Amino acid sequence: MQQLQDSFGRKFPYIRMSITDVCNFKCGYCLPNGYQVDKSDNRKFLHLDEIKRLAKCFSELGVLKIRITGGEPTVRKDFFEIIKVLKFDAGINKVVITTNGYHLDKKAKLLVDSGLSGINISIDSLDREIFKNITGHDRLPEILQGIKNLQDLSFNNIKINAVLLNGINASEKDFDNWSKFIQNNEVDFRYIELMQTGDNLDYFKKYHISSNFFKSYLNKNKWIYQTMGKDAGPALNYINPEYKGKFGIIAPYSKDFCKSCNRLRITSRGDLRLCLFGNTGISVRHLLQKDDQLSELKDLILKQMQFKKESHYLELGETGSTKNLSKTGG
Ligand code: SAM
Ligand code: SF4
């Protein structure tokens, strides 16, 4: 089988696919004023048929896992259908999503029934007031209830992500709160270090803090670093035998972050992006219009692999065309 591999020997069994730029939250680091319709842009988000063809192509290129993201993917009316199409028509083994957890309490059963393999939920704080201030929505209780509902349905591949924000959610007290949460709760909680994007420079300067601060907390509290498997992604994972859940760190500014890169991205308008940052990528949408374009599509994607760079060069402040992560699918 043909496989996606770049000139640095990295393989790509994993795709992040954005299905919409629209979001109903207003996270300070991403869309502080909420989603704004760009009237000059009349390109529509990928249709279900286009998504199916693309996923089939990736499946034939050895892709085993697709993460659906956005924007907020669950705002799409055909969201559950998309999961089913990827899983059952395109033959992708693992279909997972990243969501802000909006209405998760009500959606839990539908998610489980759709064949979903895993869910990443963004929760920046366990403090209701802080959560509301960051996201612009007082929805923490419904999200926590949603997690419980998923677990009651025996769905256990649950990860929670929080963006680490200096002076907001990065104190020892915050870390202790998460520690209590995962003690008897089988979820992986990871802090993501805040990334600079084209839109958020002031916010970044004000709130960025190195994830080493959380790392010191983990070391001090006897969390054990779990060495990475060969095909593991860039998260650093920590375990503690007294806890049901795990801790993790996603540190995009760390030295070797890009070495373990195992993913490519598709934007909601059908651009293949070789990295979350930088300007490398092209539109593949013209090859998603008919079933008989499959081999041409495969060739184009395979050829693009030679352009994937070794690193995102984010530490040099190079955010490329990424204005905010709702556009590229974080
Ligand atoms: N709306 C969904 C959500 O929030 O989970 C999916 C899309 S969102 C862009 C994906 C992830 O990117 C979220 O966990 C979010 O916290 C994270 N994110 C967004 N902007 C970020 C930034 N500037 N730095 C680090 N993480 C960011
Ligand atoms: Fe929306 Fe996710 Fe961006 Fe928050 S991080 S504004 S939930 S896309």
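Ligands are counted one by one from 1 in listed order, and the atoms in each one are counted from 1 as well. In this text the structure is predicted, and so the values were computed from the model without any measurement.
- Using a 4.0 Å cut-off between heavy atoms, C23 contacts ligand 2 through its side chain alone, with no backbone atom that close.
- Evaluated for a side-chain hydrogen bond (donor to acceptor under 3.5 Å, both in side chains) with N185, the options K148, K244, Q151 yield exactly one hit, Q151.
- Of all atoms in ligand 1, numbered sequentially from 1 with element shown, those under 4.0 Å from a heavy atom of N100 are 2 (C), 3 (C), 5 (O).
- Interface of N100 with ligand 2, defined as ligand atoms under 4.0 Å from a residue heavy atom, comprises 7 (S).
- Within the set G71, P73, A162, S122, the minimum heavy-atom distance to atom 13 (C) of ligand 1 is found for S122.
- Remark: ligand 1 atoms within the under-4.0 Å shell around heavy atoms of E72 are 1 (N), 2 (C).
- Close approach to N200 involves these atoms of ligand 1, each under 4.0 Å from a residue heavy atom: 23 (N).
- When side chains are defined from C-beta on, L140 counts as touching I123, because their heavy atoms get closer than 4.5 Å.
- Of the protein's heavy atoms, C27 N, 3.5 Å lies nearest to atom 6 (S) of ligand 2.
- The atoms of ligand 1 that sit less than 4.0 Å from any heavy atom of T69 are 6 (C), 7 (C).
- Using a 4.0 Å heavy-atom cutoff, E193 is listed among the residues neighbouring ligand 1.
- Closest of all the heavy-atom pairs between S117 and K94 is OG-CA, 3.6 Å.
- Each of the following atoms of ligand 1 lies closer than 4.0 Å to a heavy atom of V163: 16 (O), 26 (N), 27 (C).
- R53 has no carboxylate O lying under 4.0 Å from a charged side-chain N of E50, or vice versa, which leaves the two without a salt bridge.
- Residue M195 has at least one N or O atom closer than 3.5 Å to an N or O atom of ligand 1.
- Under a 4.0 Å heavy-atom criterion, S122 is not in contact with ligand 2.
- Residue contacts with ligand 1: T99 is placed with a nitrogen or oxygen under 3.5 Å of a nitrogen or oxygen of the ligand (distance criterion only).
- The shortest N/O to N/O separation between Y29 and ligand 1 falls below 3.5 Å.
- In the displayed structure, D292 atom CG is contacted under 6.0 Å by more than 12 heavy atoms of other residues, nucleotides or ligands.
- Checked against N100 for a side-chain hydrogen bond (donor to acceptor under 3.5 Å, both in side chains), the options T74, T135, N24 give a single hit: N24.
- Given atom 3 (Fe) of ligand 2, the protein heavy atom at minimum distance is C30 SG, 2.4 Å.
- Less than 4.0 angstrom separates some heavy atom of G71 from each of these atoms of ligand 2: 8 (S).
- Those atoms of ligand 2 with a heavy atom of F25 less than 4.0 angstrom away are 6 (S), 7 (S).
- A donor-acceptor pair is defined here as one N or O able to donate and one able to accept, closer than 3.5 Å; such a pair exists between the side chain of N169 and the backbone of L165.
- The two atoms that bring T98 and S122 nearest to each other are CG2-OG, 4.4 Å, heavy atoms only.
- In K107, the NZ atom is crowded: over 12 heavy atoms of neighbouring residues, nucleotides or ligands sit closer than 6.0 Å.
- A single hydrophobic cluster is seen to contain both L116 and I147, as judged by linkage of ILVMFWY side chains at heavy-atom distances under 4.5 Å, directly or through other members.
- Note on K56 versus D89: no salt bridge recorded, every NZ/NE/NH1/NH2 to OD/OE distance being 4.0 Å or above.
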